[in-house]
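Data block below; observations after.
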Protein chains: 2
Amino acid sequence: MLKSEPAYSKTALAPSIPPFAVSVEGLTAFEKEIVAVFVDLVLLLGLPKSVGEIYGLLFASAEPLSFVEVEGKLGLSKGSVSQGLRTLRDLGAVREVGNEDLGQNDPEGAAEPGRARPESTPLVKERGARWVAAVELRKLIGSLLRERLTPYLERQDQRVVAAGAALDQLLTESKSKHLGLLAGRLEKLQTWQSRTRTVLPVIGKLL
Amino acid sequence: MLKSEPAYSKTALAPSIPPFAVSVEGLTAFEKEIVAVFVDLVLLLGLPKSVGEIYGLLFASAEPLSFVEVEGKLGLSKGSVSQGLRTLRDLGAVREVGNEDLGQNDPEGAAEPGRARPESTPLVKERGARWVAAVELRKLIGSLLRERLTPYLERQDQRVVAAGAALDQLLTESKSKHLGLLAGRLEKLQTWQSRTRTVLPVIGKLL
DNA sequence: TCTTCAGTTCAAAATGAATTGAAATCAACG
DNA sequence: CGTTGATTTCAATTCATTTTGAACTGAAGA
């Protein structure tokens, strides 16, 4: 459901201030910095900027935020918020929590739609879900990396094999000469690849 | 320029990475696979596809290739080849070699009208440079990674510091309450960041 | 049932990096 | 020097992707 690709973006809505110009009017300095941190991280990993903005905002928020709050604070369109939240949920980076009582934070478990409704009590009557950042960065980064790296490694494997076959073909046709050199290079590719395979999990542990 | 003459249109509907590139007609199966390997690598690292194509072609070639050969074989524009070779040279991924001793003629021999190098004039008439892939993959990947990661890490450092300052600000204004939670998160960010710093060099060694 | 509003979908618009192409530059050679 | 061909430069274009926004869905609630 996700793909990749390097990309840069810029938020609309603030055409007047060229360089930094973010739509984020309503963010505190703290929130802005944290958002920037995650925007960069996410761009580095090839996800859309808006995804980083949303995660950063939730990470910087002590209480869960609603869809509408995210939309408003970041000045993103509904579409972007919807897709961004879904992406993040699928990655395990963000969690939906019941909206029962906003007084608390750090909720856990039980988020079923059929929650108690204190009748006639004032306060919240919003029905929308609320979102919190899942803060285990390790897992977050892990799943992001895995999501891109796994398909990548598979493709590369196939290609190296195919290249080997093609080279064998050339060898039997044996106009050989420089072919030994090419064989050597291909071998380098292979060893590098298998090394990657063994090293990556270790890295996962280390981080 | 002008207009029309699109000649080739790409499949705009295919969302994933299409394995077939329009340009590569004159490549052997071996070359195609190797090129694909490096195109993917390079895209993963956020560099332009053409850079991967060029490096892949050189990696798959037993002899050095000239600018024009690269251009022709890959069907890239001069501009792309120029920029790509420069990028690769700056990365240390590719090296310019003198064209004095070509040892042999063109690998394909089809397009080029004979080497026509009579003995008496030992020195080439071609003056263009020729290019080889620097095959130490370790260094290649290393410099690619370093090139993106270093500025990234610097920026992130600054931001985390700024976020800390902003949070302190909030703390002294002390509308505190949830702020402890935020402080905890910020700390997580800091530790994760320093861990990254220490782990990355290790990774560099391992690969 | 009707209304409202949170959330989704998807076609169209906006964006910005990669690529092109043509003119400018440069280097060797005659 | 002047020509020729190789390489660079850079504005214009293309292309892939993200973002938007309006129409839609569906559940609460009156």
Side-chain angles (χ1 to χ4, degrees), chain A residues 1-15 18 21-23 39 42-43 46-54 65-72 74-87 89 96 99 113-115 117 119 124-131, chain B residues 1-18 21-23 39 42-43 46-54 65-72 74-87 89-90 96 98-100 121 123-131:
Chain A
M1 100 187 7
L2 288 183
K3 322 133 278 94
S4 48
E5 237 19 80
Y8 278 68
S9 296
K10 170 187 171 228
T11 50
L13 283 186
V22 200
S23 47
V39 165
V42 130
L43 289 178
L47 295 175
K49 180 181 176 180
S50 61
V51 168
E53 292 179 307
I54 295 170
L65 299 181
S66 71
F67 187 103
V68 177
E69 283 166 335
V70 171
E71 182 191 356
L74 292 173
L76 293 171
S77 67
K78 279 162 171 259
S80 289
V81 174
S82 177
Q83 291 200 172
L85 283 173
R86 182 145 51 88
T87 300
R89 171 165 38 63
E96 210 167 339
N99 65 348
R115 71 272 177 177
R117 167 156 296 288
E119 65 290 30
V124 265
K125 35 110 141 291
E126 293 141 355
R127 50 183 146 99
R130 305 201 141 243
W131 301 85
Chain B
M1 212 88 350
L2 300 175
K3 65 226 357 243
S4 70
E5 97 290 2
Y8 331 91
S9 63
K10 300 185 98 175
T11 59
L13 296 181
S16 49
I17 301 173
V22 233
S23 37
V39 165
V42 129
L43 288 178
L47 295 176
K49 180 181 174 181
S50 60
V51 168
E53 293 179 306
I54 295 170
L65 299 180
S66 72
F67 186 104
V68 177
E69 283 165 337
V70 171
E71 181 191 356
L74 293 172
L76 292 171
S77 67
K78 285 163 184 278
S80 290
V81 173
S82 176
Q83 288 199 176
L85 283 174
R86 183 145 47 90
T87 300
R89 173 166 34 66
D90 293 349
E96 212 166 336
N99 62 351
E100 317 87 28
T121 47
L123 281 214
V124 271
K125 55 197 283 198
E126 295 164 347
R127 47 189 148 97
R130 305 200 142 243
W131 301 84

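Per chain, numbering begins at 1; letters A, B, ... match sequence-line order. The basis for the numbers below is simple: all heavy atoms, side chains too, and nothing from hydrogens, waters or symmetry mates.
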Please report the closest heavy-atom contact between B/Leu47 and B/Leu43, naming both atoms and the distance.
->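 Heavy atoms of B/Leu47 and B/Leu43 come nearest at O-CD2, 3.6 Å.
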
Which pair of non-hydrogen atoms, one from B/Glu53 and one from B/Val39, has the smallest distance, and what is that distance?
-> CG-CG2, 3.5 Å

Output yes when at least one side-chain N/O atom of A/Ser50 is less than 4.0 Å from OP1 or OP2 of D/dT18, else no.
-> no

Check whether any side-chain N or O of A/Ser77 sits under 4.0 Å from OP1 or OP2 of D/dT19, and answer yes or no.
->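 False: A/Ser77 side-chain N/O out of range (4.0 Å or more) of D/dT19 OP1/OP2.
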
Short N/O separations, protein against nucleotides 8-11 of chain C, under 3.5 angstrom:
unit_1, atom_1, unit_2, atom_2, d
C/dT8, OP2, A/Ser82, OG, 2.6
C/dT8, O5', A/Ser82, OG, 3.4
C/dT9, OP2, A/Arg86, NH2, 3.0

Which part of the nucleic acid, if any, lies within reach of B/Ser66 when heavy atoms closer than 4.0 Å are counted: base, sugar-phosphate only, or nothing?
-> nothing

Rounded off to whole Å, could you give me the [atom1]-to-[atom2] distance for the [X] and [N] pair?
X	N	atom1	atom2	value
B/Leu74	C/dT20	CG	C1'	15 Å
A/Trp131	C/dG7	CH2	C1'	10 Å
B/Leu76	D/dT8	CG	C1'	16 Å
B/Glu96	C/dA27	CD	C1'	13 Å
B/Ile54	D/dT7	CD1	P	13 Å
B/Leu43	C/dA18	CG	P	10 Å
B/Lys49	C/dT19	NZ	P	8 Å
A/Leu65	C/dA6	CG	P	15 Å

Taking the side chain of B/Val68 as its heavy atoms from C-beta onward, which of C/dA18, D/dT20, D/dA6 lies nearest to it?
-> D/dA6

Across all chains, not counting sequence neighbours, the side-chain contact (heavy atoms from CB on, under 4.5 Å) partners of B/Ser66 are B/Val68, B/Glu69, B/Arg130

From A/Glu71 CD over to A/Lys78 NZ, what is the distance, rounded to the nearest 0.5 angstrom?
->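 That separation rounds to 5.5 Å.
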
Output the distance between atom CD (B/Gln83) and atom CG (B/Leu76), rounded to the nearest 0.5 Å.
-> 11.5 Å

Check: A/Trp131 and A/Leu85 side chains under 4.5 Å, non-hydrogen atoms = yes

